[in-house]
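Just so it is clear, the model here is predicted, and its values are computed rather than measured.
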Amino acid sequence: MPRATAPPPVGTFTRALKGEDRCGWRKEVVFGEELTLAFVADGHAGHAAAELCAERALSYVIAECEADASGAELQKACAVAFERLHKEARAASGSAGCTLTVAIVNEKRQEITIANAGDSAAMLLERDSPRILTAEHRLSDSPEERERVESVGGKVAQWADEKGPRGPLRAWPGGLAVCRCIGDAPCPSVSAVPSTVVTQYDPTCGGVLVLASDGVWDAISPEQVASKVHKGASPCSAAEKIVKFALRKTGPLDDMTAVVIPLSQGASSPSRPRSANILGYRLSISASRESSSESSSDSSSFGRTLPAFFPVGWGGREDDDPES
């Protein structure tokens, strides 16, 4: 009888419309501490900037850590890495740009470090209480961003034609509704300086970290995302449920991507390779199908047989959720 393969410890799923979302994750030992790093990049004006982030972002963050793997050091590393990516994207991809959100989990320190430029939000779910960790960068929703754009000479206004103004606030020249991002050479008001935060988490309460592109967050609430997390039989299943539920709510209006990272105690397994890199955009569908096929013999067995990978609340049956 073939030996069952453990599903990935991080779940990813993408449903592409324009093919501009990218996501990925890897594990890396930095100054003797194992980190789980993940990202979501949501491209616009083409996929070139998001693809560049997919290829280089996590490696750049690791390379810029100079002292230790603390949250404070990772915040500085992310800031340098984002600026490096920004310059390279502008030089290589012309008008293309992307949001970028990076999450780093240090299990030894029980720290989560988040860096975001743009509206691909990260949510921490602990004890059934969802909390957004990323800063708001949409011009329509952020007075601070509007002030920043105007302070560097940009104009903030809606797009207008002969019928009058319409749509969200945008930065001109360039016309971006989100002006904190990577690339976007035609928009001089763009900044790649990320908003960063370090927060502690409780590894005993079965927490989960979710990253998603705005296609998901524009469709469903953090509470609905939390509901789908709890109904997933694995991280891959949960990521798939989040995206498919968002798709049902709005239809195919945008690319949709979700990354699900369990934060339960012992989430790192010594038998796993020390380094892994899976680009969710390319492998998420096959990974999700693999986890579904493994659960078909006993779809509620994940939480019992693989407690190291999944927090409290994993193990829901796929057929328990007719909406997904």
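With sequence neighbours left out, Glu33 forms a side-chain contact (heavy atoms from CB on, under 4.5 Å) with Ala69, Asn106, Lys108, Arg109. Taking the side-chain hydrogen bond (donor to acceptor under 3.5 Å, both in side chains) definition, one finds that Ser70 meets it with Asp68, sequence neighbours left out. For Thr250, there are no side-chain hydrogen bond (donor to acceptor under 3.5 Å, both in side chains) partners, not counting sequence neighbours. Here Thr99 pairs with Ser120 under the side-chain hydrogen bond (donor to acceptor under 3.5 Å, both in side chains) rule; sequence neighbours left out. With sequence neighbours excluded, the residues that form a side-chain hydrogen bond (donor to acceptor under 3.5 Å, both in side chains) with His44 are Asp184. A search for side-chain contact (heavy atoms from CB on, under 4.5 Å) contacts involving Ala57 returns Cys53, Leu85, Leu100, not counting sequence neighbours. Leu169 meets the side-chain contact (heavy atoms from CB on, under 4.5 Å) test with Leu139, Ser140, Arg146, Val156, Gln158; sequence neighbours excluded. Partners of Glu111 according to the salt bridge (charged side-chain N to carboxylate O under 4.0 Å, His left out) rule, which considers only residues two or more places apart in sequence or in another chain, do not exist here. Judged as a side-chain contact (heavy atoms from CB on, under 4.5 Å), and not counting sequence neighbours, the contacts of Glu88 are Leu52, Arg56, Tyr60, Arg84.
Separating the CZ atom in Arg127 from the OG1 atom in Thr204 is a distance of 6.0 Å, to the nearest 0.5 Å.
A 4.5 Å side-chain heavy-atom check between Leu58 and Val102 finds at least one atom pair inside the cut-off. Annotation: side chain of Glu20 is not in contact with side chain of Cys98 (no heavy-atom distance under 4.5 Å). Taking 4.5 Å as the limit, some side-chain heavy atom of Val190 sits within range of a side-chain heavy atom of His86.
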Could you give me the CA-CA distance, side-chain angles and deciding distance for Arg26 and Ser59, then say whether side-chain hydrogen bond (donor to acceptor under 3.5 Å, both in side chains) is met?
CA-CA 9 Å; Arg26 66 190 287 181; Ser59 295; 2.8 Å; yes
Take Thr36 and Glu107 through the test side-chain contact (heavy atoms from CB on, under 4.5 Å) and record every step on the way to the result.
CA-CA 8 Å; Thr36 301; Glu107 184 177 337; over 6 Å; no
Could you pull out every donor-acceptor pair under 3.5 Å between side chains of residues 170-182 and any protein atom, sequence neighbours left out?
residue: Arg170; atom: NH1; partner: Gly175; partner atom: O; Å: 2.9
residue: Trp172; atom: NE1; partner: Ala157; partner atom: O; Å: 2.9
residue: Arg180; atom: NE; partner: Glu145; partner atom: OE2; Å: 3.0
residue: Arg180; atom: NH1; partner: Val193; partner atom: O; Å: 2.6
residue: Arg180; atom: NH2; partner: Glu145; partner atom: OE2; Å: 2.6

For residues 209-217, tabulate all N or O donor-acceptor pairs below 3.5 Å that involve a side-chain atom, not counting sequence neighbours.
residue: Ser213; atom: OG; partner: Asp21; partner atom: OD2; Å: 2.9
residue: Ser213; atom: OG; partner: Thr257; partner atom: N; Å: 3.1
residue: Asp214; atom: OD2; partner: Arg138; partner atom: NH2; Å: 3.4
residue: Trp217; atom: NE1; partner: Ala121; partner atom: O; Å: 3.2
residue: Trp217; atom: NE1; partner: Ala212; partner atom: O; Å: 3.0

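Residue pairs meeting the salt bridge (Lys or Arg N to Asp or Glu O under 4.0 Å) criterion with at least one member in residues 187-199, sequence neighbours excluded, do not occur.
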